[in-house]
Amino acid sequence: METVRDGLQRHVSGRTFETVQVLHPRAARRHLAGPDDFAAALTGGAVGSARRRGKYLWLPVDADALIAHLGMSGQLVVGEADRPLTPHVRARFSFTDGGPDLRFVDQRTFGHLSFSPGGAELPSAIAHIAPDPLEPAFDDDRFAARLMRRQTGIKRALLDQSLISGVGNIYADESLWRVGLHWARGTDALRRSDVVRLLGAVREVFAEAITAGGTSFDSLYVRVNGESGYFDRSLAVYGRAGQPCPRCGAAIRRDKFMNRSSFSCPKCQPRPRRGHW
DNA sequence: CATTTATCCTGTAAGC
DNA sequence: TGCTTACAGGATAAAT
């Protein structure tokens with residue numbers, strides 16, 4: 001997401017929307033007034049500096065904001081305006097300068113675009129999203145206190161974007177592996193030193209992912225590529241069931257949890273006696 | 001109130 | 001071959 005934000009900043013910020021087309025109603029489903037109202041609200045708007053919090057991106061547009069969440073399969077792509085429409089283009093934005101357009105492409109339609117008041121600072125529509133640990137607004141002490149007050153499992157808490165943002169299923173598994181914590185470990189039984197180490201691991205994983213994403217970034221296309229170099233080279237446990245743990249050699253296990261998979265090392269991350277499933 | 005589960009979606013791949 | 005099923009998972013409404 002940070003890679004996409006950077007691409008938006010370089011290719012879209014400073015330009016002015018000329019036309020806005022919603023090609024699939026689901027893309028703007030969070031805009032309750034409907035796709036036409038969404039398009040009208042953005043048409044003619046001047047785009048400011050691209051911002052990000054966790055998995056959310058937004059472009060300030062005049063005094064408001066265009067918010068994007070890419071979900072699982074979403075992409076924001078900038079390219080020559082006259083290129084053909086591919087099947088999964090859900091929205092299209094052209095610019096008054098007649099240059100490359102911006103397209104929201106999303107195969108599985110879990111992503112969405114929305115329009116919200118409050119562009120320069122955090123838009124009101126995503127005010128409930130906590131800071132992500134790479135931004136200055138993240139308060140380590142506050143996070144630790146809120147986390148240890150919860151009665152749930154550590155991974156569930158890590159995935160709660162109102163507590164800490166930017167951590168998804170993959171990064172949660174990788175971070176927990178790095179600090180040797182099982183996904184079901186109770187948050188109320190964590191020591192403060194565990195939380196400090198875990199935050200360090202999350203920041204490491206984020207930083208490495210950004211570095212890997214940046215190296216594969218094309219100068220013209222703004223893309224989210226789930227199969228970037230990072231995924232192949234740097235994942236220790238995610239998607240590696242049955243393969244050896246890079247640290248101890250034990251076979252990586254896979255558990256079903258929260259309608260998804262959790263990967264962990266049975267030796268480095270032993271099951272807690274009182275786990276939160 | 002706090003916490004957990006079900007649901008949305010579609011291309012790919014595995015199973016029969 | 002062709003059909004069916006499982007899977008991927010972020011956010012949130014609904015259920016507990």
Side-chain angles (χ1 to χ4, degrees), chain A residues 1-2 4-5 22-32 35 52-58 67-76 86-91 104-116 122-132 145-176 183-190 202 205-206 209 224-228 230-232 235 237-242 252-264 272 274-277:
Chain A
M1 295 305 292
E2 177 57 22
V4 177
R5 188 207 61 76
V22 178
L23 303 171
H24 192 302
R26 220 179 120 71
R29 63 189 179 279
R30 300 276 287 273
H31 189 80
L32 301 181
R52 180 187 63 81
R53 167 167 280 196
K55 303 168 191 172
Y56 279 94
L57 299 169
W58 74 93
I67 300 175
H69 193 297
L70 302 187
M72 309 246 333
S73 55
Q75 298 175 292
L76 286 167
T86 50
H88 301 305
V89 178
R90 309 304 188 191
F104 174 57
V105 185
D106 191 14
Q107 176 192 107
R108 277 179 266 183
T109 73
F110 269 33
H112 64 91
L113 303 177
S114 62
F115 176 84
S116 172
L122 192 66
S124 56
I126 54 173
H128 62 292
I129 301 298
D132 73 66
R146 293 182 69 200
L147 181 68
M148 293 188 289
R149 211 180 297 137
R150 295 215 171 178
Q151 300 285 318
T152 188
I154 181 62
K155 181 170 175 179
R156 206 185 281 275
L158 277 181
L159 295 176
D160 183 344
Q161 307 296 303
S162 68
L163 186 61
I164 178 173
S165 69
V167 183
N169 197 45
I170 297 173
Y171 295 167
D173 280 2
E174 292 298 310
S175 300
L176 290 168
W183 52 265
R185 273 287 292 272
T187 48
D188 55 345
L190 288 174
V202 171
V205 169
F206 277 7
V224 167
N225 185 345
E227 282 73 49
S228 66
Y230 170 76
F231 285 78
D232 292 323
L235 296 182
V237 290
Y238 182 83
R240 300 190 63 247
I252 299 299
R253 73 179 156 215
R254 169 185 170 184
D255 299 308
K256 291 196 170 191
F257 166 67
M258 287 176 79
N259 275 339
R260 52 194 44 117
S261 294
S262 282
F263 299 91
S264 58
R274 288 181 54 253
H276 290 253
W277 269 254

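None of the values given here were measured: they were computed from a predicted structure. Throughout, protein chains are lettered first and strands after them, A, B, ... in sequence-line order, and every chain is numbered starting at 1.
A:Asp173 places its CG atom 10 Å from the P atom of C:dG10, with the value rounded to the nearest Å. Atom-to-atom, CG of A:Leu70 to P of C:dG10 comes out at 12 Å; the value is rounded to the nearest Å. Regarding A:Asp188, its CG atom lies at a distance of 15 Å from the P atom of B:dA2, rounded to whole Å. The distance between atom CE of A:Met258 and atom P of B:dT4, rounded to the nearest whole Å, is 9 Å. Atom CZ in A:Arg108 sits roughly 13 Å away from atom C1' in B:dC8 (whole-Å rounding). The NZ atom of A:Lys155 sits 14 Å away from the P atom of B:dT4 (whole-angstrom rounding). One can place CH2 of A:Trp183 at 11 Å from P of B:dT4, the figure rounded to the nearest angstrom. Rounded to a whole Å, the CZ atom of A:Arg29 is 12 Å from the P atom of B:dC8.
Within the 4.0 Å cut-off from OP1 or OP2 of C:dC7, at least one side-chain nitrogen or oxygen of A:Lys256 is found. Applying the 4.0 Å criterion to OP1 and OP2 of C:dA11, one finds that A:His69 has a side-chain N or O inside that range. Contact check, A:Thr152 against B:dT4: a side-chain N or O comes under 4.0 Å of OP1 or OP2. Between C:dA11 and A:Gln161, a contact under 4.0 Å exists linking OP1 or OP2 to a side-chain N or O. Proximity of A:His112 to the phosphate of B:dC8: no side-chain N or O atom is located under 4.0 Å from OP1 or OP2.
The 5' end of DNA chain B is approached more closely, in terms of each residue's nearest nucleotide, by A:Gln151 than by the other of A:Arg90 and A:Gln151. Map A:Arg260 and A:Arg156 each onto its nearest nucleotide of DNA chain B; the residue landing nearer the 5' end is A:Arg156.
Side-chain polar atoms of A:His112 and A:Arg29 form no donor-acceptor pair below 3.5 angstrom. A donor-acceptor contact closer than 3.5 angstrom is absent between the side chains of A:Ser261 and A:Lys256. Side-chain atoms of A:Asp173 and A:Trp183 form no donor-acceptor pair, as typed in the model, at a separation below 3.5 Å. Defined by atom type and a distance below 3.5 Å, a donor-acceptor pair is missing between the side-chain atoms of A:Thr187 and A:Thr152. A:Arg53 and A:Ser165 are not linked by any side-chain donor-acceptor pair at a separation below 3.5 angstrom, with hydrogens and angles left out of the test.
Of all nucleotides listed (C:dC7, C:dT12, C:dG10), C:dT12 comes nearest to the side chain of A:Tyr56. Minimum atom distance to the side chain of A:Met72 is reached by C:dA8, of the listed B:dA6, C:dT12, C:dA8. The side chain of A:Phe110 has C:dG10 as its nearest neighbour among C:dG10, B:dT10, C:dT12. Across B:dT10, C:dG10, B:dC9, the shortest atom-to-atom separation from the side chain of A:Gln107 is found for B:dT10. Closest to the side chain of A:Arg30, out of B:dC8, C:dA11, C:dT12, is C:dT12.
At a threshold of 4.0 angstrom between heavy atoms, the contacts of A:Ser261 are confined to the sugar-phosphate backbone, with no base atom among them. In this structure, A:Asn259 reaches the bases: a heavy-atom distance under 4.0 Å links it to at least one base atom across the strands shown. Using a 4.0 Å heavy-atom distance criterion, A:His128 is classed as a sugar-phosphate-only contact.
No salt bridge links A:Asp106 with A:Arg26; every basic N to acidic carboxylate O contact stays at or beyond 4.0 Å.
Counting distance only, with no hydrogens placed and no angle test, the side-chain atoms of A:Arg150 and the base atoms of B:dA2 include no donor-acceptor pair under 3.5 Å.
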